[in-house]
Amino acid sequence: MKKWYGVTTSFYDDGRTTAAITSIIDAEEKPEDSYHSGPRADVYIDWFDSYTAAEKFVNDARKA
């Protein structure tokens, strides 16, 4: 089993962006990235194979 880190990033209609590591799972294969468009925000869930890569993605998204 391999550990996968899920990062949820929300892009709000008013220009705000939030990002955080919201899931950690054990699985053989990488979970599929997903996207949902809601009434106030577009929400993405991206999966990473290391905590470091997930954390870098979160930090980069928060700077955007």
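Counting begins at 1 with the first residue of the sequence.
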Check whether any side-chain heavy atom of Y51 lies under 4.5 Å from a side-chain heavy atom of I21, and answer yes or no. yes

Shortest non-hydrogen contact from S23 toward W47: CB-CH2, 3.6 Å

Check whether any side-chain heavy atom of T9 lies under 4.5 Å from a side-chain heavy atom of F57, and answer yes or no. yes

Between CD on residue E55 and CZ on residue F48, distance to nearest 0.5 Å: 12.0 Å

When I45, V7, D46 are each screened for side chain to side chain contact (heavy atoms under 4.5 Å, CB included) with D33, the one that passes is D46

With a 3.5 Å distance limit and no angle check, can you tell me whether W4 reaches the backbone of D26 through a side-chain donor-acceptor pair? no

Could you check if a side-chain atom of K30 sits within less than 4.5 angstrom of a side-chain atom of D49, using non-hydrogen atoms only? no

Looking at P31 and I25, what are the two nearest heavy atoms and their distance? CG-CD1, 3.4 Å

Do K2 and E28 have side chains that approach each other closer than 4.5 Å (heavy atoms only, starting at C-beta)? no

Determine, for R40 against D13, whether the closest basic-nitrogen to carboxylate-oxygen distance falls under 4.0 angstrom. no

Do S10 and D42 have side chains that approach each other closer than 4.5 Å (heavy atoms only, starting at C-beta)? no

With ring centroids as reference points, do Y35 and Y44 lie under 6.0 angstrom apart? yes

Within a strict 4.5 Å, meaning less than it, do heavy atoms of the Y12 and T18 side chains meet? yes

